[in-house]
Amino acid sequence: MRLAHALTFVGLLAILSVGADARRLLQSSATTDADILNFALNLECLEAQYYSCAVFGHPLSAELTGSGPQPIGCQQANFTNDDIYSIAMDVANNEIAHVNYLRTALGNYSVQCPLVNIGDAFAAAADAALGTTLSPPFVPYTNDLYFLTGAFIFEDLGVTAYKGALTSFQSSDIMLAAAGKHTFTPCYSTLALLVLALLVPLQQPFSLIAPCSSACRVPVFSFVLTDSSFAGIMAVEAYHAGYIRTALIQNGDVVTPYGANVTTIINAIAMARETLDGSASMNMVDDEGIFNATTGDYILTPVDSNAVAFSRTASQVLAVAYLNATGAAGGFFPDGVNGKIQYSS
């Protein structure tokens, strides 16, 4: 009987060690913190694939994508400006690290990177923004300036997505399972054996270091990702967006082969994002280009009247990424994103 009580106590200790936040994460039937992080992982996969292809000439490894599909349209960009190439490489390494970080945090709960279109989806986005069919089609790998234009589509979207998600977490300490990668053994753990030593009269000596069979291994929540870490990723995305905007502002007067200067194209892209996510139809502002025609000033930071970054809901983010205001899969995610969070009208 005493052995049964001791084992029951050990079992309770094992359950308590998981933590209240982790239990809530698993028990909730609503959107969980893990769902939000997986949604972020989808977006990071898109950005990382674009930068990896543009800078290094190859997509992410199968390990990073979770054996997800190869991207559509992967190619190396024709960089001629050493400074832009150097910064693009830094951004690429950051985005790749974000994918690895989130996948490691989520462990076996992580989704595969979805199929992403980083080829002709850019042409479709440019056509939609400018209200015409460009000829030749817009290809972001053509030169430094086109690469920056392609990056502009993603970076501001990423910042608003992270900002919108920050208020949705259930806990400030987001405990995530790395099931199958980190385990503990309740029947052989040091804590369990110490409890047994106190409660069970022993007939023979035993060792605190004992072999454990795979049968008594259970997964534990062993990777802690705090909301400050998530905010930290958002901050890095904002740094990226700031550089992209600065470089585009510096080239704002450059007239492209399409007959429009860079400022006109970038402002059109920002307006297209606002139209796709539904803000424009509600006379709301959640996006800005790089030039304010009313004041005659350039815009480095797209913010509200309190100088706070804009936010987007998951559905708004997907409407922009799908290039479809109805939320039908397409655009940069031909088959949609993976995970529980999907578009909802």
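FYI, the numbering just counts along the sequence from 1. If you're wondering where the values come from, they're calculated on a predicted model, not measured in any experiment.
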In Å, rounded to the nearest 0.5 Å, how long is the span from [atom1] of [X] to [atom2] of [Y]?
{"X": "Ile84", "Y": "Leu145", "atom1": "CD1", "atom2": "CG", "answer": "7.5 Å"}
{"X": "Asp335", "Y": "Asn117", "atom1": "CG", "atom2": "CG", "answer": "10.5 Å"}
{"X": "Glu95", "Y": "Asp90", "atom1": "CD", "atom2": "CG", "answer": "10.0 Å"}
{"X": "Asn251", "Y": "Thr256", "atom1": "CG", "atom2": "OG1", "answer": "12.0 Å"}
{"X": "Ile244", "Y": "Ile153", "atom1": "CD1", "atom2": "CD1", "answer": "11.5 Å"}
{"X": "Ile269", "Y": "Leu157", "atom1": "CD1", "atom2": "CG", "answer": "12.0 Å"}

If only atom types and distance count, is the side chain of [X] paired as donor or acceptor with the main-chain N or O of [Y] below 3.5 Å?
{"X": "Ser86", "Y": "Asp82", "value": "no"}
{"X": "Tyr343", "Y": "Ala325", "value": "yes"}
{"X": "Gln76", "Y": "Ala54", "value": "no"}
{"X": "Glu274", "Y": "Asp286", "value": "yes"}
{"X": "Asn42", "Y": "Asn338", "value": "yes"}

Indicate yes or no: at least one non-hydrogen side-chain atom of [X] is less than 4.5 angstrom from one of [Y].
{"X": "Pro59", "Y": "Ser52", "result": "no"}
{"X": "Met89", "Y": "Asn93", "result": "yes"}
{"X": "Phe39", "Y": "Lys340", "result": "no"}
{"X": "Gln316", "Y": "Thr160", "result": "no"}
{"X": "Leu43", "Y": "Val337", "result": "no"}
{"X": "Phe56", "Y": "Ile96", "result": "yes"}
{"X": "Phe138", "Y": "Thr149", "result": "yes"}
{"X": "Ile72", "Y": "Val116", "result": "no"}

I want to know whether Phe154 and Tyr51 have ring centres closer than 6.0 Å.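 No; Tyr51 has its ring centre 6.0 Å or more from that of Phe154.
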
Enclosure of Asp297 CG (heavy-atom neighbours >12, cutoff 6.0 Å): yes

Closest non-hydrogen atom pair between [X] and [Y], with its separation:
{"X": "Arg312", "Y": "Asp156", "result": "NH1-O, 4.3 Å"}
{"X": "Phe152", "Y": "Arg273", "result": "O-NH1, 2.8 Å"}
{"X": "Gly336", "Y": "Ala329", "result": "N-CB, 3.5 Å"}
{"X": "Ile299", "Y": "Asn292", "result": "CD1-N, 3.8 Å"}
{"X": "Leu115", "Y": "Pro334", "result": "O-CD, 3.3 Å"}
{"X": "Ile290", "Y": "Arg245", "result": "CG2-NH1, 3.9 Å"}

Residue pair Ser279, Asp287: steps toward the side-chain contact (heavy atoms from CB on, under 4.5 Å) verdict: CA-CA 9 Å; Ser279 296; Asp287 211 323; over 6 Å; no

State plainly whether one hydrophobic cluster holds both [X] and [Y], where clusters connect Ile, Leu, Val, Met, Phe, Trp and Tyr through side-chain heavy atoms under 4.5 angstrom apart.
{"X": "Phe147", "Y": "Tyr85", "value": "yes"}
{"X": "Val262", "Y": "Met271", "value": "no"}
{"X": "Val303", "Y": "Leu300", "value": "no"}
{"X": "Ile87", "Y": "Tyr239", "value": "no"}
{"X": "Tyr322", "Y": "Val320", "value": "yes"}

List the steps, then state whether side-chain hydrogen bond (donor to acceptor under 3.5 Å, both in side chains) holds for Thr32 with Asp35. CA-CA 5 Å; Thr32 67; Asp35 295 326; 3.1 Å; yes

Just say parallel, tilted or perpendicular for the rings of Tyr258 and Tyr146, cut-offs at 30° and 60°.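 Parallel, since the angle between the ring planes stays under 30°.
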
According to the interplanar angle, ranging from 0 to 90°, do the rings of Tyr141 and Phe122 count as parallel (below 30°), tilted (30 to 60°) or perpendicular (above 60°)?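 Correct class here is perpendicular.
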
Check: His240/Glu47 side-chain N/O donor and acceptor closer than 3.5 Å: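 Distance-only check fails for His240 and Glu47.
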
Could you walk me through whether Gln49 and Thr65 satisfy the side-chain contact (heavy atoms from CB on, under 4.5 Å) test, starting with their C-alpha distance in whole Å, then the side-chain angles of each, then the deciding distance to 0.1 Å, before giving a yes or no? CA-CA 9 Å; Gln49 292 284 30; Thr65 65; 3.8 Å; yes

Could you point out which residue of Thr264, Thr263, Leu248 forms a side chain to side chain contact (heavy atoms under 4.5 Å, CB included) with Phe291?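 Only one option passes, and that is Thr263.
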
Residue among Asn94, Leu102, Leu64 satisfying side chain to side chain contact (heavy atoms under 4.5 Å, CB included) with Glu44: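 Only one of Asn94, Leu102, Leu64 forms a side chain to side chain contact (heavy atoms under 4.5 Å, CB included) with Glu44, namely Leu102.
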
Identify which one of Asn78, Thr80, Asn81 satisfies the side-chain hydrogen bond (donor to acceptor under 3.5 Å, both in side chains) criterion when paired with Asp144. Thr80

With side-chain contact (heavy atoms from CB on, under 4.5 Å) as the test, would you mind laying out the steps for Glu288 and Phe310 before giving the verdict? CA-CA 10 Å; Glu288 290 182 301; Phe310 295 120; 4.2 Å; yes

Go through Tyr243 and Leu148 one step at a time and tell me if the side-chain contact (heavy atoms from CB on, under 4.5 Å) criterion holds. CA-CA 10 Å; Tyr243 167 73; Leu148 293 171; 4.2 Å; yes

